[in-house]
Q: 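Following this message is one structure expressed as structure tokens.
Numbered from 1 within each chain, the chains take letters A, B, ... in sequence-line order. The analysis underlying the following values was restricted to heavy atoms, covering all of them including side chains, and did not include hydrogens, waters or symmetry mates.
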Protein chains: 2
Amino acid sequence: MNYIQIIGYMAAFGTTISFLPQAVKTIRTKDTSGISLLMYTCFTLGTALWLTYGLLSSQYPVAVANAITFVFAATILIYKIKYK
Amino acid sequence: MNYIQIIGYMAAFGTTISFLPQAVKTIRTKDTSGISLLMYTCFTLGTALWLTYGLLSSQYPVAVANAITFVFAATILIYKIKYK
């Protein structure tokens with residue numbers, strides 16, 4: 001693995017895992033007033049499309065990373081709708 | 001362009017543009033109590049790494065999409081630090 005690939009994996013890890021602390025915070029506090037409903041609607045749909053794209057094009061790292069992010073984003077979206 | 005590529009472009013558009021309504025909402029309301037500092041720290045670093053990866057590997061759509069997302073994410077992060 002060369003250093004460009006290592007940067008790519010670090011990037012994928014950072015952007016994927018970042019939604020975990022947000023999901024944990026939202027579940028714990030139910031404080032969603034500052035969270036944008038439009039953002040999480042777009043983002044959840046976007047990750048579902050990335051997951052579809054990853055599966056159809058056999059790019060499994062894309063599929064796996066977006067499956068994880070989809071779960072976090074969908075959880076935040078559900079809380080936003082329930083506790084707005 | 002085949003239908004898999006179209007899904008990929010729709011996915012990229014959705015996940016990139018989704019941070020715009022969040023940035024606008026955060027700038028307007030300065031309400032950042034429900035926003036996770038750890039999320040935006042990780043996510044802003046992640047998009048900076050994606051931008052670096054895109055430039056180094058000559059994957060310019062990756063670089064451009066992440067340059068845009070970086071601006072939105074960094075703005076939200078700055079507001080979170082300033083108005084926590």
Side-chain angles (χ1 to χ4, degrees), chain A residues 2-26 28-59 62 65-66 69-70 72-73 76-77 79-80 83-84, chain B residues 2-26 28-59 62 65-66 69-70 72-73 76-77 79-80 83-84:
Chain A
N2 66 31
Y3 80 99
I4 296 175
Q5 283 175 299
I6 292 168
I7 292 172
Y9 279 107
M10 285 168 61
F13 181 77
T15 51
T16 301
I17 206 68
S18 66
F19 284 85
L20 177 61
Q22 180 66 68
V24 168
K25 184 184 176 85
T26 304
R28 275 195 189 147
T29 65
K30 298 183 180 66
D31 176 4
T32 64
S33 68
I35 286 175
S36 163
L37 176 64
L38 188 53
M39 168 182 167
Y40 280 93
T41 305
C42 272
F43 193 81
T44 305
L45 280 172
T47 52
L49 287 168
W50 274 126
L51 172 57
T52 309
Y53 172 81
L55 291 174
L56 292 175
S57 62
S58 304
Q59 294 191 52
V62 173
N66 281 282
T69 318
F70 175 80
F72 298 150
I76 298 162
L77 178 60
Y79 270 72
K80 175 65 189 173
Y83 300 102
K84 62 183 166 191
Chain B
N2 66 32
Y3 81 100
I4 297 175
Q5 282 175 300
I6 292 169
I7 291 172
Y9 279 107
M10 284 169 60
F13 181 78
T15 52
T16 301
I17 206 69
S18 66
F19 285 84
L20 177 60
Q22 179 67 67
V24 169
K25 184 184 177 85
T26 303
R28 275 197 190 148
T29 65
K30 298 183 180 65
D31 175 4
T32 65
S33 67
I35 286 175
S36 163
L37 176 64
L38 188 53
M39 169 182 166
Y40 279 93
T41 305
C42 272
F43 193 82
T44 304
L45 280 172
T47 52
L49 287 168
W50 273 127
L51 172 56
T52 308
Y53 172 81
L55 291 173
L56 292 174
S57 62
S58 303
Q59 294 190 52
V62 173
N66 281 282
T69 317
F70 175 81
F72 297 149
I76 298 162
L77 178 60
Y79 269 73
K80 174 64 190 174
Y83 300 101
K84 62 184 166 187

Q: Counting only heavy atoms closer than 4.5 Å, note whether A/Ala12 contacts chain B via side chain, backbone, both or neither.
A: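 Looking at A/Ala12, backbone and side chain both touch chain B.
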Q: Would you name the heavy atoms of B/Thr41 and B/Leu37 that are closest together and state the gap between them?
A: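 B/Thr41 and B/Leu37 have their closest heavy atoms at OG1-O, 2.7 Å.
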Q: Counting heavy-atom pairs under 4.5 Å with chain B, which one of A/Leu49, A/Thr16, A/Ile17 comes out on top?
A: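 Winner by heavy-atom pair count: A/Leu49.
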Q: Less than 4.5 Å apart, any side-chain heavy atom of B/Val62 and any of B/Leu55?
A: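 Contact flag for B/Val62/B/Leu55 side chains = no.
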Q: How close do B/Tyr83 and B/Lys30 get, counting heavy atoms only, and between which atoms?
A: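 Nearest pair, atom of B/Tyr83 first, then B/Lys30: OH-CE, 3.3 Å.
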Q: Where is the tightest heavy-atom contact between B/Thr44 and B/Leu77, given as atom of each residue plus distance?
A: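 Minimum heavy-atom separation between B/Thr44 and B/Leu77: OG1-CD2, 3.8 Å.
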Q: Find the one option among B/Gly14, B/Cys42, B/Pro21 whose heavy-atom pairs under 4.5 Å with chain A are most numerous.
A: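 Most heavy-atom pairs under 4.5 Å with chain A: B/Pro21.
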Q: Which heavy atom of B/Ile35 sits nearest to which heavy atom of A/Lys25, and what is that distance?
A: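 Heavy atoms only, the tightest pair is O-CE, 3.4 Å.
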Q: Please report the closest heavy-atom contact between A/Ser33 and B/Asp31, naming both atoms and the distance.
A: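 Closest approach of A/Ser33 to B/Asp31, heavy atoms only: OG-OD2, 2.6 Å.
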Q: Select one option (side chain, backbone, both, neither) describing which atoms of B/Leu45 are under 4.5 Å from chain A's heavy atoms.
A: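 Looking at B/Leu45, nothing touches chain A.
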Q: Measure across A/Thr52 and A/Ala48 and return the closest heavy-atom pair with its distance rounded to 0.1 Å.
A: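 Scanning both residues completely, I find the closest heavy atoms to be OG1-O, 2.8 Å.
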Q: Where on B/Thr32 is there a heavy atom nearer than 4.5 Å to chain A: the side chain, the backbone, both, or neither?
A: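 Neither; nothing under 4.5 Å.
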Q: Picking from B/Phe19, B/Phe43, B/Tyr40, which has the most non-hydrogen pairs under 4.5 angstrom with chain A?
A: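 Greatest number of close heavy-atom pairs with chain A: B/Phe43.
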Q: What option among B/Ser57, B/Ala11, B/Gly46 has the most heavy-atom pairs under 4.5 Å with chain A?
A: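 Result: the option with the highest number of such pairs is B/Ala11.
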Q: Measuring heavy-atom distances to chain A, does B/Tyr3 have an atom under 4.5 Å in its side chain, in its backbone, in both, or in neither?
A: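 For B/Tyr3, side-chain heavy atoms alone lie under 4.5 Å from chain A.
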Q: Below 4.5 Å from any heavy atom of chain B, which atoms of A/Thr47 appear? Answer side chain, backbone, both or neither.
A: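 Both parts, heavy atoms under 4.5 Å.
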